[in-house]
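Below, chain A is the first sequence line, B the second, and so on; all start at residue 1.
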Amino acid sequence: MRTVSIPGDWPTTEAQARTIQDELRSRVVLDEPGPAPGTGHVTGVDVAYDDERDLVAAAAVVLDAATLEVVEEATAVGRVSFPYVPGLLAFREIPTVLAALDSLRADPGTVVCDGYGRAHPRRFGLASHLGVLTGLPSIGVAKNPFTFSYEEPGTPRGSFSPLVEGDEEVGRALRTQDGVKPVFVSVGHRVSLDNACAHTLRLTPRYRLPESTRRADALCRRALREATVRGLPE
DNA sequence: GCGACAG
DNA sequence: ATCTTGTCGC
């Protein structure tokens, strides 16, 4: 497990963080379809917190996109780098997630985030931010619609409806299991919305949430427990 | 001004 | 996210 510190130039205020989002947003690539779903690698990333001890643990789990078998795992722990503010989640998660991704030997392929990409107040959620910083194709799969609205998709798995703000489509509410609450898919970087949904469906043969995020969730919690016991150096 | 609000 | 018991179901 790698240990990371907060970058020296990390934003301190919400205003600074929003300015960074506004600057980086222009680097998002939206006109690439991305890797064909079911080929290559897919990497789930997730983060767990211990606010008491000011600790954050991240995990990156690389899966074979065809078989969903684990190819490689990596974790990192550090100090919490930003408070939770809706719309600024990325500043809380990114340093540790990047460290976990960096310590991977395998090609991450497409990165699947637990949160949003384009479905964001400034169209630059965690998945977009991570995509721009790494250059990797990325998508966001969130458990909640946040401030966006949607019509209930049909009951069968695979049904979807647009996730909208006003008349702008920012993502999709996608049913990944029959009759189960949909997940909210949005594009991060270098992946089309159609392919983002296709990836999500391939990653959900059995459960509501993608195998990638389920694996990453379990792993970062384990990493947090170990870090809590051992503590962080210095 | 008040409430809502990814994780 | 995290705090938390039991409970229903495969």
Side-chain angles (χ1 to χ4, degrees), chain A residues 11 14 17-18 20-21 24-25 28 44-61 75-98 100-101 111-132 138-150 162-166 168-174 176-189 193 196-197 200 205-210 212-225 227-228:
Chain A
E14 298 182 22
R18 281 188 215 99
I20 292 172
Q21 290 181 328
L24 292 180
R25 185 178 46 235
V28 174
V45 294
D46 195 18
V47 166
Y49 301 98
D50 182 343
D51 287 303
E52 276 298 270
R53 299 171 202 274
D54 191 38
L55 286 179
V56 51
V61 180
T75 60
V77 291
R79 251 91 210 202
V80 173
S81 54
F82 208 82
Y84 172 65
V85 179
L88 301 178
L89 177 66
F91 295 94
R92 189 166 166 76
E93 311 210 328
I94 274 189
T96 325
V97 169
L98 275 183
L101 280 174
V111 178
V112 179
C113 298
D114 189 10
Y116 289 130
R118 227 173 80 77
H120 177 273
R122 286 168 296 283
R123 305 294 178 266
F124 195 73
L126 172 63
S128 321
H129 202 143
L130 207 49
V132 164
S138 65
I139 69 174
V141 181
K143 298 182 281 296
N144 296 291
F146 200 10
T147 60
F148 303 101
S149 42
Y150 66 101
L163 183 66
V164 298
E165 178 172 300
E168 181 182 0
E169 179 181 46
V170 296
R172 283 177 190 161
L174 176 66
T176 56
Q177 296 297 322
D178 293 355
V180 168
K181 174 180 175 171
V183 297
F184 303 90
V185 179
S186 59
V187 161
H189 183 57
L193 185 53
C197 290
T200 303
R206 161 125 187 139
Y207 299 104
R208 173 182 177 235
L209 297 180
S212 42
T213 62
R214 299 183 73 250
R215 289 305 229 303
D217 179 74
L219 182 56
C220 69
R221 289 188 200 224
R222 199 191 319 156
L224 183 63
R225 284 200 306 272
T228 302

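No side-chain donor-acceptor contact under 3.5 Å links A/Arg215 to the backbone of A/Ser212. Not a single donor-acceptor pair under 3.5 Å links the side chain of A/Asn144 to the backbone N or O of A/Phe146. Side chain of A/Arg208 to backbone of A/Pro182: a donor-acceptor contact under 3.5 angstrom is found. Distance alone, capped at 3.5 Å, places no donor-acceptor pair between the A/Glu165 side chain and the A/Phe148 backbone.
Within the 4.0 Å cut-off from OP1 or OP2 of B/dG7, at least one side-chain nitrogen or oxygen of A/Asn144 is found. For the pair A/Arg221 and C/dT2, the criterion of a side-chain N or O lying under 4.0 Å from OP1 or OP2 is met. Phosphate contact (OP1/OP2 of B/dG7, side-chain N/O of A/Lys143, threshold under 4.0 Å): present.
At whole-Å resolution of the value, CG in A/Leu209 and P in B/dG7 are 9 Å apart. The separation between A/Glu165 atom CD and B/dA6 atom P is 14 Å, rounded to whole Å. We find that CZ of A/Phe148 is positioned 13 Å from C1' of B/dA4, with the value rounded to whole Å. Distance, A/Asp114 CG to B/dG7 C1': 7 Å, rounded to whole Å. One can place CZ of A/Phe146 at 5 Å from P of B/dA6, the figure rounded to the nearest angstrom. Remark: P of B/dA4 and CG of A/Leu89 are 20 Å apart, rounded to the nearest angstrom. In this structure, OH of A/Tyr207 is placed 14 Å from P of C/dC10, rounded to the nearest angstrom. Nucleotide C/dT2 holds its P atom 12 Å from the CG atom of A/Leu55, rounded to whole Å.
With centres under 5.5 Å and a plane angle under 30° as the test, the ring of A/Tyr84 is not stacked against the base of C/dA1.
Of all nucleotides listed (B/dG7, B/dA6, C/dT2), B/dA6 comes nearest to the side chain of A/His120.
Here the two rings, on A/Phe184 and A/Tyr150, have centers that are under 6.0 Å apart.
Counting any heavy atom pair closer than 4.0 Å across all strands shown, A/Gly140 reaches no nucleic acid atom. Using a 4.0 Å heavy-atom criterion, one finds that A/Ala119 contacts no nucleic acid atom at all. Using a 4.0 Å heavy-atom cutoff across all strands shown, A/Leu88 reaches at least one base atom of the nucleic acid. Contacts of A/Tyr49 with the nucleic acid, taken as non-hydrogen atoms under 4.0 Å apart, involve only primed sugar atoms and P, OP1 or OP2.
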